[in-house]
Amino acid sequence: MYCDNDISRVLLTPQQIDNTVTSLANRISEDYADKNLLLVGLLKGSFVFMADLIRKLTVPCRTEFMAVSSYGSGTRSCGKVTITKDLSVNIDDCDVLVVEDILDTGITAACVTDILSKRNPASLRLCSFLDKPERRQVPITADYVGVTVPDEFVVGYGLDYDERYRNLDCLCVLKPEVYSDKA
Ligand code: XMP
Ligand code: MG
């Protein structure tokens, strides 16, 4: 791995990630047979997971992306979360599945699901590749969770620190000194 020095350990190998995504895709395919599935990926962190997940689904689906930010000012905000890129389709009659990389405090997912629920989807569920329940600040649980992780900063498989490490093919714990140096 190109960044071996920054990583304290590997949490999930590519094979473990693949098994996790396969089992999520199987459950989702079963639950969404005969539905009008629209996957809504939250950028940027979910794009790698989303790409793998959709290729393992055995039911028809459409994909959309949203981007949200915890900072900045915008017209549509929910608490500290602001939509920086909204959907380009109407979600009336869609069975919406929000796809997150990691459920941490839960604020992002709670806010996004709150906003989307007001647009009258046929159904609305949440799928998160990772769950870090120790950090939760709002009471939200995902309908589909890949792996529960400890309260450590993880990178790889789409997750970044300062926009780096997203391209790692495994999920890794970042050495605290990598980010505390810059605090
Ligand atoms: P909340 O707290 O709203 O945040 O659930 C979810 C977003 O926070 C980012 N996040 C992380 N990113 N390693 C990362 O690379 C982590 O350990 C981590 N914890 C939270 C992530 O962007 C997620 O969508
Ligand atoms: Mg991030």
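First listed ligand is number 1; within each ligand, the first listed atom is number 1.
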Check each atom of ligand 1 against the heavy atoms of T108 and keep those under 4.0 Å away; list them by number with element. 1 (P), 3 (O), 4 (O), 6 (C)

With distance as the sole test, does R55 use its side chain to make a donor-acceptor pair with the main-chain N or O of A51 at under 3.5 Å? yes

Does at least one non-hydrogen atom of G106 fall below 4.0 angstrom from an atom of ligand 1? yes

Show which atoms of ligand 1 fall inside a sub-4.0 Å distance from at least one heavy-atom site of K132. 16 (C), 17 (O), 19 (N)

By number and element, which atoms of ligand 1 are closer than 4.0 Å to a non-hydrogen atom of E100? 24 (O)

If you measure only the distance, is there a donor-acceptor pair under 3.5 Å linking the side chains of Y157 and D52? yes

Under-4.0 Å heavy-atom contact with ligand 1, by part of R135 that carries it: neither

Separation between CG (N120) and CD1 (I91), nearest 0.5 Å, reads 8.0 Å

For the residue pair D95 and S123, confirm or rule out a side-chain donor-acceptor distance under 3.5 Å. yes

Regarding Y144 and R125, do their side chains bring together a donor and an acceptor under 3.5 Å, going by distance alone? yes

Going by heavy atoms, is Q137 under 4.0 Å from ligand 1? no

Under 4.0 Å, counting heavy atoms only: does Y161 come that close to any atom of ligand 1? no

Out of curiosity, is E152 lining ligand 1, as in a heavy atom under 4.0 Å away? yes

Short side-chain donor-acceptor distance under 3.5 Å, D6 and Y165: yes

Out of all atoms in ligand 1, which are within 4.0 Å of some heavy atom of F153? Include the element for each. 12 (N), 13 (N), 14 (C), 15 (O), 16 (C), 17 (O), 18 (C)

S8 side chain to K175 side chain, donor-acceptor N/O pair below 3.5 angstrom: no

Work out which heavy atom in R166 is nearest to a heavy atom in V48; give both atom names and the distance. O-CG2, 4.4 Å

Option whose closest heavy atom lies nearest to atom 9 (C) of ligand 1, chosen from V68, L43, I102: I102

N or O contact, L159 vs ligand 1, cut-off under 3.5 Å: no

